[in-house]
**Q** 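Pasting a structure below so you can have a look.
We use all heavy atoms of the structure for the numbers below, so side chains are in, but hydrogens, waters and symmetry mates are not.
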Amino acid sequence: MAINHIHFSSQILGKGTSVNVFLPQVKRAHYPVLYLLHGWSDDCHAWMDNTSLARYGNEYPFIIVMPQVELSYYTNMFQGEAYFDFLTQELPAFIQQWFPVSPRPEATFVAGLSMGGYGAFKWALSYPNQFRGAAALSGALDVVNLWENDPSRDKRFTRIFGSLAAVKGSENDLQAITAKHQATAQHLCLYQSCGTEDFLLSVNRQYARQWQSQFANYEYQEHPGTHNWVFWDQEIQTVLAKFAHCLEDAGQ
């Protein structure tokens with residue numbers, strides 16, 4: 001097991017940025033890759049600092065990539081950097097250059113918590129041909145709902161998205177993304193979970209009702225818990241096991 005912290009220059013962002021990369025103990029010529037995304041108040045160190053990911057990950061073949069995206073909501077920001085282009089274009093190219101990861105979509109996965117859960121589903125549903133599976137843990141999935149019901153987000157959301165009207169029906173609206181790409185995303189292994197005491201529970205239930213009827217390989221789970229690392233430490237174990245199963249089903 002090895003953990004690499006890499007600081008590098010991003011041409012898309014126009015500045016230096018960081019990524020943590022976990023390498024498992026198992027030896028392979030080419031590794032499946034899991035992009036693991038952080039939440040609103042976190043950074044690229046959060047998953048390693050707050051869970052036993054290093055111990056759990058050693059049981060699986062995944063190289064786990066944990067990028068730094070600031071408070072960007074995994075978007076090309078209205079006032080800020082193009083983090084979605086960085087995430088979907090530049091970062092995978094760097095990872096394939098630096099590490100022996102498989103370039104095959106069948107061996108590529110993405111997951112995240114809260115803001116990162118939104119980012120994971122946004123990436124996978126926007127570019128389903130790049131992935132085998134995606135997972136959202138306590139996902140902040142509905143930007144429109146969050147903005148309309150929490151005025152304290154207005155200043156930051158305006159900087160990220162521009163305006164509430166600009167989000168609705170756009171490439172940052174999961175409802176619109178789902179409608180556009182549902183037919184080409186049926187091969188994806190999709191997993192979503194939320195704690196029963198989480199403030200995002202109602203939004204997660206809303207999306208679960210919708211996606212259960214729209215995707216063939218979709219699973220939603222609720223467990224006791226709130227919006228914290230105790231819940232996410234448990235759930236990342238489930239995600240790793242489910243993605244390993246999806247990997248086997250794909251013959252990888």
Side-chain angles (χ1 to χ4, degrees), residues 3-23 33-50 63-101 103 105 108-131 134 136 139-141 143-144 146-147 152-174 176-177 180-181:
I3 300 169
N4 298 264
H5 178 69
I6 305 170
H7 188 78
F8 61 101
S9 178
S10 164
Q11 184 175 355
I12 286 177
L13 299 179
K15 65 178 185 180
T17 189
S18 297
V19 63
N20 283 335
V21 181
F22 169 86
L23 304 176
V33 60
L34 166 59
Y35 292 92
L36 189 56
L37 309 183
H38 68 73
W40 176 269
S41 60
D42 301 324
D43 57 24
C44 63
H45 304 292
W47 278 104
M48 299 303 301
D49 289 347
N50 295 288
I63 284 180
I64 304 175
V65 178
M66 293 159 279
Q68 176 80 24
V69 301
E70 312 297 338
L71 297 180
S72 69
Y73 244 83
Y74 299 89
T75 67
N76 292 334
M77 299 173 69
F78 179 71
Q79 295 176 339
E81 288 73 39
Y83 274 101
F84 193 60
D85 286 350
F86 162 74
L87 184 73
T88 61
Q89 300 172 27
E90 192 174 33
L91 180 63
F94 274 128
I95 295 300
Q96 289 183 18
Q97 175 184 333
W98 296 332
F99 299 98
V101 298
T108 307
F109 300 82
V110 61
L113 67 89
S114 195
M115 180 185 79
Y118 163 86
F121 270 35
K122 176 186 174 182
W123 188 2
L125 293 176
S126 296
Y127 299 106
N129 61 327
Q130 295 182 5
F131 292 98
L141 304 173
V143 174
V144 173
L146 284 171
W147 201 340
S152 69
R153 296 177 183 265
D154 186 70
K155 183 176 180 180
R156 285 177 170 172
F157 271 17
T158 297
R159 181 171 178 267
I160 295 168
F161 299 107
S163 69
L164 181 57
V167 176
K168 295 178 180 179
S170 75
E171 69 278 2
N172 294 316
D173 184 344
L174 280 185
I177 295 169
K180 183 176 181 180
H181 297 286

**Q** Please evaluate residues Leu113 and Asp42 with respect to the criterion side-chain contact (heavy atoms from CB on, under 4.5 Å), reporting the C-alpha separation (whole Å), side-chain torsions for both, the decisive distance (0.1 Å), and the verdict.
**A** CA-CA 10 Å; Leu113 67 89; Asp42 301 324; 3.9 Å; yes
**Q** Using the side-chain contact (heavy atoms from CB on, under 4.5 Å) rule, take Met115 and His38 through it: C-alpha gap first, then chi angles, then the decisive distance, then the call.
**A** CA-CA 7 Å; Met115 180 185 79; His38 68 73; 4.1 Å; yes
**Q** Can you confirm whether or not the ring centre of Phe161 sits under 6.0 Å from the ring centre of Tyr73?
**A** yes
**Q** Locate the shortest heavy-atom distance separating Ala120 from Ala134; write the atom from each residue and the value.
**A** O-CB, 4.2 Å
**Q** Can you name the salt bridge (charged side-chain N to carboxylate O under 4.0 Å, His left out) partners of Lys180, sequence neighbours left out?
**A** none
**Q** Flag the pair His45 / His5 as yes when their ring centroid distance falls below 6.0 Å, and as no otherwise.
**A** yes
**Q** Going by side chain to side chain donor-acceptor pair (under 3.5 Å), name the residues that satisfy it together with Arg156, two or more places apart in sequence or in a different chain.
**A** none
**Q** Is it true that a side-chain atom of Tyr118 and a backbone atom of Asn172 form a donor plus acceptor pair closer than 3.5 Å?
**A** yes
**Q** Provide the closest heavy-atom pair for Ala124 versus Val110 in the form atom of the first, atom of the second, distance.
**A** CB-CG1, 4.0 Å
**Q** Output all residues satisfying side chain to side chain contact (heavy atoms under 4.5 Å, CB included) with Phe78, sequence neighbours left out; order by chain, then residue number.
**A** none
**Q** Can you see which heavy atom on Thr158 is nearest to which on Trp147, and at what distance?
**A** OG1-CZ2, 3.5 Å
**Q** Just by modelled atom types, is the Met66 backbone N or O under 3.5 Å from a matching donor or acceptor in the Asn20 side chain?
**A** no
**Q** Would you say the ring centroid of Phe22 lies under 6.0 angstrom from that of Trp47?
**A** no
**Q** Contact between Leu146 and Phe157 at the side-chain level, heavy atoms closer than 4.5 Å - yes or no?
**A** yes
**Q** Is there a side-chain contact between Ile95 and Val21 in this structure, where contact means two heavy atoms from C-beta onward sitting under 4.5 Å apart?
**A** yes
**Q** Verify, without hydrogens or angle tests, whether Gln68 (side chain) and Asp43 (backbone) share a donor-acceptor contact under 3.5 angstrom.
**A** no
**Q** Heavy-atom count around Lys155 NZ within 6.0 Å, excluding the residue itself: above 12?
**A** no
**Q** Show, in sequence, the C-alpha distance, side-chain angles and deciding distance for Trp40 and Leu71, and conclude whether the side-chain contact (heavy atoms from CB on, under 4.5 Å) test is met.
**A** CA-CA 6 Å; Trp40 176 269; Leu71 297 180; 3.9 Å; yes
**Q** Minimum heavy-atom separation for Asp173 and Val167, please, with both atom names.
**A** CB-O, 3.4 Å
**Q** Check whether any side-chain N or O of Lys15 sits under 3.5 Å from a backbone N or O of Ser9 as a donor-acceptor pair, and report yes or no.
**A** no
**Q** Looking only at atom types and distance, does a side-chain atom of Ser72 sit under 3.5 Å from a main-chain N or O of Val69, one as donor and one as acceptor?
**A** yes
**Q** Which value, rounded to the nearest 0.5 Å, describes the distance between Gln79 atom CD and Ile160 atom CD1?
**A** 10.5 Å
**Q** Do you know which two heavy atoms are closest between Leu34 and Ala111, and how far apart they sit?
**A** CD1-N, 3.9 Å
**Q** Got a donor-acceptor contact below 3.5 angstrom from the His181 side chain to the Tyr127 backbone?
**A** no
**Q** Would you say that Pro105 contacts Gln130 through its side chain, given a criterion of any heavy-atom pair below 4.5 Å between the two side chains?
**A** no
**Q** Please report the interatomic distance CZ(Phe109) to CD1(Ile64), rounded to the nearest 0.5 Å.
**A** 12.0 Å
**Q** Can you sort out the partners of Ser163 under side chain to side chain donor-acceptor pair (under 3.5 Å), two or more places apart, ordered by chain and number?
**A** none
**Q** About how many Å separate CZ of Phe121 and CG of Leu141, when rounded to the nearest 0.5 Å?
**A** 7.0 Å
**Q** How long is the straight-line distance from OH of Tyr83 back to CG of Leu13, given to the nearest 0.5 Å?
**A** 5.0 Å
**Q** Which heavy-atom pair separates Leu37 from Gly116 by the least distance, and what is that distance?
**A** CD1-O, 3.7 Å
**Q** Treating Asn50 as the side-chain partner and Ala46 as the backbone partner, does any N or O pair qualify as donor plus acceptor under 3.5 Å?
**A** yes
**Q** Just jot down the salt bridge (charged side-chain N to carboxylate O under 4.0 Å, His left out) partners of Arg159, sequence neighbours excluded, or say none.
**A** none
**Q** In the structure I gave you, are the side-chain heavy atoms of Ser18 and Cys44 within less than 4.5 Å of one another anywhere?
**A** yes
**Q** Table please: side-chain donor-acceptor pairs of residues 86-94 below 3.5 Å, with sequence neighbours left out.
**A**
from	atom 1	to	atom 2	distance (Å)
Thr88	OG1	Phe84	O	2.8
Gln89	NE2	Asp85	OD1	3.4
Glu90	OE1	Ser10	OG	2.5
Glu90	OE1	Ile12	N	3.4
Glu90	OE2	Gln11	N	2.8

**Q** Decide yes or no for Leu23 and Asn4: does some side-chain heavy atom of the first lie under 4.5 Å from some side-chain heavy atom of the second?
**A** yes
**Q** Please lay out, stage by stage, how Thr17 and His7 fare under the test side-chain contact (heavy atoms from CB on, under 4.5 Å).
**A** CA-CA 6 Å; Thr17 189; His7 188 78; 5.6 Å; no
